[in-house]
Q: 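Sharing a structure here in structure tokens format.
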Amino acid sequence: MIVATWNVNSLRARWPRVRQWLTLRSPDVVLLQETKMTDAVFPFDEFRELGYEAAHYGQGQWNGVAIASRVGLDDVARGFGDDDPEARLIAATCAGVRVVSCYVPNGRALDDPHYQYKLAWLAALRDYLAGRDRTRHVIVGGDFNVAPADIDCYDPAALAGSTHVSEPERAALRAVEATGVEDLVRRLHPDEPSFTWWDYRNGAFHRGWGLRIDLLLVDTALAALARTASVDRDARKGEKPSDHAPVMADFALGESGG
DNA sequence: ATGTCACAGTCCCTGTGA
């Protein structure tokens, strides 16, 4: 089973690229972030034409998360069930696996109130995962807006004092992982930077100025079933790309005859 | 470091967020 996560930075602007990519890579399940649209305009029919059932938690101009699956989509849940007004988390069960698509707040700056919201949101995610059904596998994927370690940054010294690399954010991410989920790309590729995001400005992509902030966190038992996990850098190239590349993984799971 | 992109409203430019 192939599972991917991708921050598309507006599904309206990105739909031609997303459609092309779904046809090229044929993931079984894809987690999307920053759809930036309401549920009313989400392209459910276009996904269906490609063989995907989809669930969307949209807000409008900002945020918005979705899950598209061609292996079933059941028990959809939106948000943490608290009073968070922003559309940043959606969950569903696909082929028996609990799948969660997350868009963690950016934080903006260490002294901005949004940074405290980011830390609180990560704490809420930790609590949400701590209370999960342990009889099912879980995949928590998305844009975490945290580079877990210095290897995940093109230049750690240049980023000192910025969001995405601060110790409180990294500690909050480790607390999420301590509920029993593991950063799959890092597990399979301990020494590769594997950036997932490059700023649109300054030719950052071609200069290699990237961060690894998009993650697939999976339960330990499922991690052991992973055949591959990687970043699809090619999706960051070409016409009108998102500023994020998809992260993909293949699990020896749920294949008929295999 | 800040050379871009996408959005909405102020609506063909500007402010905001990333």
Side-chain angles (χ1 to χ4, degrees), chain A residues 5-21 31-43 46 56-66 84-90 101-122 125 141-148 150 152-166 168-170 172-173 193 195-215 231-247:
Chain A
T5 182
W6 194 7
N7 179 324
V8 295
N9 183 18
S10 170
L11 188 55
R12 191 196 319 269
R14 213 66 57 214
W15 177 248
R17 294 291 303 252
V18 172
R19 180 180 52 207
Q20 175 188 48
W21 180 84
L31 288 53
L32 302 175
Q33 300 85 38
E34 283 206 90
T35 59
K36 297 186 176 178
M37 57 175 49
T38 61
D39 293 344
V41 299
F42 186 85
E46 288 85 342
H56 182 233
Y57 181 26
Q59 182 180 328
Q61 180 180 2
W62 307 118
N63 310 313
V65 284
D84 185 358
E86 303 199 355
R88 294 182 175 278
L89 181 141
I90 189 168
S101 177
C102 299
Y103 176 47
V104 176
N106 174 286
R108 297 178 191 161
L110 300 187
D111 60 356
D112 191 301
H114 198 69
Y115 179 76
Q116 296 304 321
Y117 172 55
K118 179 179 195 174
L119 296 177
W121 201 95
L122 284 164
L125 178 61
D143 177 1
F144 284 78
N145 272 317
V146 179
D150 283 354
D152 303 306
C153 309
Y154 69 96
D155 184 351
L159 293 165
S162 304
T163 59
H164 296 61
V165 300
S166 73
E169 292 165 79
R170 287 176 167 175
L173 178 60
F195 300 148
T196 66
W197 173 84
W198 299 260
D199 201 307
Y200 283 123
R201 296 168 291 186
N202 305 314
F205 181 64
H206 294 288
R207 288 168 141 161
W209 294 354
L211 299 177
R212 192 176 70 94
I213 57 176
D214 299 86
L215 310 174
V231 178
D232 187 2
R233 272 185 95 256
D234 287 347
R236 181 63 176 77
K237 303 173 183 173
E239 291 285 312
K240 278 177 78 79
S242 171
D243 45 355
H244 296 252
V247 181

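For clarity, every value in this text was computed on a predicted model and none was experimentally measured. In what follows, chains carry the letters A, B, and so on, assigned in the order in which the sequence lines appear, proteins first and then strands, with residues in each chain numbered from 1.
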Q: Quote, to the nearest angstrom, the C1' distance that separates B:dC7 from B:dC12.
A: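 So the two C1' atoms sit 15 Å from each other.
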Q: Which pairs count as salt bridge (charged side-chain N to carboxylate O under 4.0 Å, His left out) when at least one residue sits in residues 103-120 of chain A, sequence neighbours excluded?
A: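 Those involving residues 103-120 of chain A are A:Lys118-A:Glu169.
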Q: On DNA chain B, compare the nucleotides closest to A:Arg12 and A:Tyr154; which residue's is nearer the 5' end?
A: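 Whichever sits nearer the 5' end wins; that is A:Tyr154.
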Q: How far, in whole Å, is B:dA6 from B:dT2 if one measures between their P atoms?
A: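 Rounded to whole Å, the distance is 23 Å.
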Q: Rounded to whole angstrom, note down the C1' distance from B:dG3 over to B:dG9.
A: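 Result for the C1' pair: 27 Å, nearest Å.
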Q: Show your working on side-chain contact (heavy atoms from CB on, under 4.5 Å) between A:Thr163 and A:Asn145 and close with a plain yes or no.
A: CA-CA 8 Å; A:Thr163 59; A:Asn145 272 317; over 6 Å; no
Q: Within a strict 4.5 Å, meaning less than it, do heavy atoms of the A:Ile213 and A:Asp143 side chains meet?
A: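 The answer is yes, as the side chains (C-beta and beyond) meet within the 4.5 Å cut-off.
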Q: Of all nucleotides in DNA chain B with an atom under 4.0 Å from a non-hydrogen atom of chain A, which is the first and which the last going 5' to 3'?
A: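 Nucleotide range in contact with chain A: B:dA1 to B:dA18.
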Q: Can you say whether the rings of A:Tyr117 and A:His114 are parallel (under 30°), tilted (30 to 60°) or perpendicular (over 60°)?
A: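 The rings of A:Tyr117 and A:His114 sit tilted, inter-plane angle from 30° to 60°.
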Q: Could you tell me which non-hydrogen atom of A:Ala245 sits nearest to which non-hydrogen atom of A:Trp6, and how far apart they are?
A: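 Closest pair (atom of A:Ala245, atom of A:Trp6, distance): C-CD1, 3.8 Å.
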Q: With DNA chain B as reference, determine whether A:Trp197 or A:Gly60 sits nearer its 5' end, using the nearest nucleotide of each.
A: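 Comparing both residues, the 5'-ward one is A:Gly60.
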Q: So if I take residues 201-212 of chain A and measure heavy-atom distances to DNA chain B, which residues fall below 4.0 Å?
A: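 Nucleic-acid contacts, sorted: A:Arg201, A:Asn202, A:Arg207.
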Q: Salt bridge (Lys or Arg N to Asp or Glu O under 4.0 Å) with A:Arg88: which residues, sequence neighbours excluded?
A: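 Partners of A:Arg88 under the salt bridge (Lys or Arg N to Asp or Glu O under 4.0 Å) test: A:Glu86.
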Q: Residues two or more places apart in sequence or in another chain: which of them pass salt bridge (Lys or Arg N to Asp or Glu O under 4.0 Å) with A:Asp84?
A: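 Scan of A:Asp84 (salt bridge (Lys or Arg N to Asp or Glu O under 4.0 Å), adjacent residues dropped) gives none.
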Q: Taking atom P in both B:dT10 and B:dT16, what distance in whole Å separates the two?
A: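 About 13 Å, rounded to a whole number of Å.
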Q: Taking side-chain hydrogen bond (donor to acceptor under 3.5 Å, both in side chains) as the test, write out the residues that go with A:Asn106, two or more places apart.
A: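 Expected list: none.
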